[in-house]
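All of these numbers come straight from a predicted model, not from anything done at the bench.
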Amino acid sequence: MTQFITAFFSGSAHGAIYALVSMGLVLVWRGAGVVNFAQMGQAMFTTYIASQLIMHKSSYWIAFVIALLAGAILGAIVDFGLMRPLSARKNSALLNSESMRTTIPVIASLGVLGILKALAGIIWAGEERGFPSPVSTNGIKIGTTTLAFTAFDLFVIGVVLITLLLTTVFFTRTGMGLAMRASALNPEVTRLSGIRIKSVRTLSWAISGVASSLAGLLITPSTNLSPNTLDLLLIVGFTAAVIGGLTSLVGAVVGGFAIGYVISFVNVYSSPENVFLAILIFLMLMLFLRPQGIFGTKEVRRV
Amino acid sequence: MFSARRIWLKSTLIAALFALGLLILGKTLGAYNQTQLASVATLFIGVLSVTLLTGASGQISLGQGAIMAVGGYAAALLVLNLGFSIWLAFILAVVIAAIAGLFLGLAAARLTGPYLAGTTLVIALAIPTLANRFESTLGGDVGLSVDVGNPPMWLTKFLGDIGIEQWQLFVAIPFSALTLFGVLNLSRSRSGRVWRAIRDNEVAASLHGLNVARNKVIAFVCASGLAGLAGALYGFRGIVGPSVYPIDLSLALLTGAVIGGLRSISGALIGTIFIVFLPDLIGKITSTFKVSEQVSNYLPALVSGVLLLLTIVINPAGLATASTQLLKRRHRTK
C-alpha cells in the first residue's frame with residue numbers, strides 16, 4: 001500500500017510537469033502545424049539562464065520570471081527566424097508536397113535543438129549542475145510518518161493547475177485567444193477576417209516557450225541540469241500529447257498525468273531500466289488502438 | 001528515356017569508380033585518414049538509407065541509429081556465439097535489420113510526419129536500453145568487442161602489407177559500392193517511381209491504384225536493411241555497444257543527408273564526407289586561433305546545426321543541387 005501511495009504521489013507531481021511539456025507541444029502544433037522537437041532544448045537553455053542568475057546572487061523568483069520571459073523570446077525567435085522563412089518557401093521543389101511540409105520543419109527543429117545544446121556547451125561548459133527549488137524537497141511529515149510527497153510537489157501541481165487555468169481563460173475569454181483558436185481551425189478564413197495569422201503563430205510559439213521553460217524550471221531540481229537532461233522529457237511530453245490527441249489542451253494535461261503514473265508505477269513496481277520500453281509500448285498501443293488520441297478528432301482526408 | 005540496360009551499365013560504372021577511388025585513396029593516405037575513409041564508406045550506407053526513406057518515400061525516421069544497432073548486435077552475436085565469418089554475418093545483419101524494419105514499417109505506415117518522427121525518436125532511445133536489459137548476451141553498457149580480423153593471405157600477397165585501418169576500409173568498400181549500385185538502380189526502378197509518387201501526393205497515388213501502405217513498408221524495409229549493414233560495419237571498428245549508436249548518430253545521418261541534398265545520391269556522398277570530416281576541419285581552423293577546449297569541443301555540433309538550418313531555409317535541395325542542375329541542363333539539350 002505504501003508503495004502504491006509513493007508511486008501515486010510521484011506520478012502526480014511528475015505528471016503535472018509532463019502535462020506542461022505536452023501543452024507546449026500542443027500549442028505549437030495547433031498554432032503553427034509543427035511538432036517542435038527543439039522545445040526542451042529551449043527549456044534547457046532558459047533554465048541555464050536562471051541558474052546563472054541564481055549563481056550571481058539573484059533571488060529565485062527574479063530568475064524564475066526572467067527564465068519565463070527568455071522562454072517566450074526564444075520561442076518567438078525560432079518562429080521569426082526559422083519557421084516563417086521556411087513557410088515562405090512552401091512552393092519550392094523540396095517543400096511542395098504535404099509529406100515534406102510536415103517532415104522538413106521537424107528536421108529544422110532538430111537543427112535548433114543541436115544548436116542550443118552546442119551553445120549551452122560553449123557558454124556553460126556542458127557540465128551537470130544542480131538547480132534549486134523554491135520550497136523544501138523533503139517529505140511532508142504527518143505525525144511521525146514521512147510521506148513520499150514534498151512541499152515542492154505541491155508547489156509543482158499548484159503552478160501547473162494555475163497555468164492550465166490561465167490558458168483556459170486566455171483561449172475562451174480574450175480576443176487574442178479566440179484569434180489563435182480560429183487560426184488553428186481555419187487559417188485562410190481567419191486571415192480573410194482581418195487577423196494577422198503570422199503574429200498569431202509567433203504568439204503560439206512564445207506561449208509554448210513559456211510553458212516549456214516552466215517545465216524546465218520545475219523538473220531540474222529533481223534531475224539536475226545538463227545539455228542532455230531534458231531530452232527524456234521531450235519524449236515523455238510527446239507521448240503525453242499523442243495520448244491526448246495532439247490538438248487538445250485538456251487532452252495534453254490528461255495525457256501528461258497518465259504517462260506520469262505509467263512511469264512512476266513502472267519505476268516502483270518494476271525497475272527504472274524498463275521506463276523507456278514502457279513508454280514505447282504505451283505509445284505504440286495508443287497509436288494502434290486510437291491514433292487520434294483520447295480527445296482528438298479523426299482526420300478526414302478529402303480528395 | 002534511359003533503357004534498363006543503360007541504367008545497369010551506368011550504375012555499375014559509377015559503383016566501380018567509387019570503389020576504385022576509395023581503394024586508391026586508401027593506398028595513398030595515412031592510417032588516420034584510412035579510418036576516416038572507412039567511416040565515410042560505412043556512414044555513406046547509413047546516409048543512403050535516410051536518402052531512400054526520407055528523400056524518396058517522404059517518411060522520416062529519427063531511429064536509423066537504433067536500426068544500425070540492431071544490425072551491429074546481430075552481426076556481433078553471429079560472429080561471437082556462432083563463429084560465423086564476418087562476411088556472412090554482415091549479410092545476415094542486413095536481413096535481420098530488414099525484419100526489424102518490417103515491424104517498424106508496419107507501424108510507420110499508419111503514421112505521418114510528426115507522429116512518425118516522435119515514435120522513431122522514442123525507439124531510438126528505447127532500443128539501446130535493451131543492452132542493459134539482456135546484459136549477459138548483449139554486454140550491458142560496455143557492449144561486445146568485435147573487429148574485422150586480419151586480411152586473408154592471398155590479399156596481402158597481392159596488395160602488400162595491409163594495416164588494421166586499411167583492412168577496415170577494404171572490408172567496407174565492397175559493401176559500400178554494392179549499396180551504391182543497388183540504390184542507383186532502385187531509384188530508377190518502378191519502386192523508386194512509386195515511392196516518389198506517394199511522397200508527392202498520397203491521395204493521387206492511391207487513386208492511381210498504388211498500394212500506399214504496402215509501398216511505404218517496402219521503403220522502410222529497404223532503408224532498414226541498409227542501416228543494419230551500416231551498423232554492422234560501424235560496430236566492427238571495435239565495439240558494438242549502446243555508446244556506439246547514440247541518438248546523435250541518427251541525427252548526424254539526417255544532417256548529412258539534408259546538407260548534401262535529401263533527394264540526391266551524390267548529395268548523400270557529399271553529406272557523408274561533410275559529417276565525417278567537419279570535426280577535423282574545424283579542429284584545424286581552431287588550432288590556429290587558440291580557442292579554449294570548451295569551445296572547440298562543441299563547435300562542430302554548432303556549425304553543423306547552423307549549416308543544417310541554412311540549407312533548409314536557403315538551399316533546400318542541398319549541396320548537390322549544382323551538380324544535378326548541370327545534369328538536367330545536359331539532358332535538355334539532348
**chain A contacts, top residue of B:L309, B:L299, B:L308, B:T255 (heavy-atom pairs, under 4.5 Å)** = B:L309
**Request:** Count the heavy atoms of every other residue, nucleotide or ligand shown that sit under 6.0 Å from CZ of B:F103, and state whether that count exceeds 12.
**Result:** no
**Asked** What part of B:T54 lies closer than 4.5 angstrom to a heavy atom of chain A: side chain, backbone, both or neither?
**Response** both
**Part of A:L82 within contact of chain B (heavy atom distance under 4.5 Å)** = both
Report all side-chain donor-acceptor pairs from residues 106-116 of chain A shorter than 3.5 Å, counting only partners two or more places apart or in another chain.
| from | atom 1 | to | atom 2 | distance (Å) |
| --- | --- | --- | --- | --- |
| A:S109 | OG | A:F37 | N | 3.1 |
| A:S109 | OG | A:V106 | O | 2.8 |

**Asked** What do you reckon, is OH of A:Y261 surrounded by more than 12 foreign heavy atoms closer than 6.0 Å?
**Response** yes
**Request:** Go through the atoms of B:L302 and report whether side chain, backbone, both or neither lie under 4.5 Å from a heavy atom of chain A.
**Result:** both
**Request:** Tell me, for B:L130 versus chain A, whether the close heavy atoms (under 4.5 Å) come from the side chain, the backbone, both or neither.
**Result:** side chain
**Request:** Measure the shortest side-chain to side-chain distance between A:L280 and B:L125 over non-hydrogen atoms and say whether it is less than 4.5 angstrom.
**Result:** no
**Message:** Please evaluate residues B:Y115 and A:V35 with respect to the criterion side-chain contact (heavy atoms from CB on, under 4.5 Å), reporting the C-alpha separation (whole Å), side-chain torsions for both, the decisive distance (0.1 Å), and the verdict.
**Reply:** CA-CA 9 Å; B:Y115 286 96; A:V35 169; over 6 Å; no
**Request:** Please indicate whether B:R214 has more than 12 foreign heavy atoms, meaning atoms of other residues, nucleotides or ligands, lying under 6.0 Å from its CZ.
**Result:** no
**Message:** Contact between A:I104 and B:L262 at the side-chain level, heavy atoms closer than 4.5 Å - yes or no?
**Reply:** yes
**Fill in**
Among B:L307, B:N201, B:V306, the residue with the most heavy-atom pairs under 4.5 Å to chain A is B:V306
**Prompt:** With a 4.5 Å heavy-atom cut-off, do B:Y298 and A:L119 have their side chains touching?
**Reply:** no
**Request:** Select one option (side chain, backbone, both, neither) describing which atoms of B:L254 are under 4.5 Å from chain A's heavy atoms.
**Result:** side chain
**Validation row: B:T119, A:V242 side chains within 4.5 angstrom (heavy atoms)** = no
**Side chains of B:R199 and A:T103 in contact at under 4.5 Å (non-hydrogen atoms)** = no
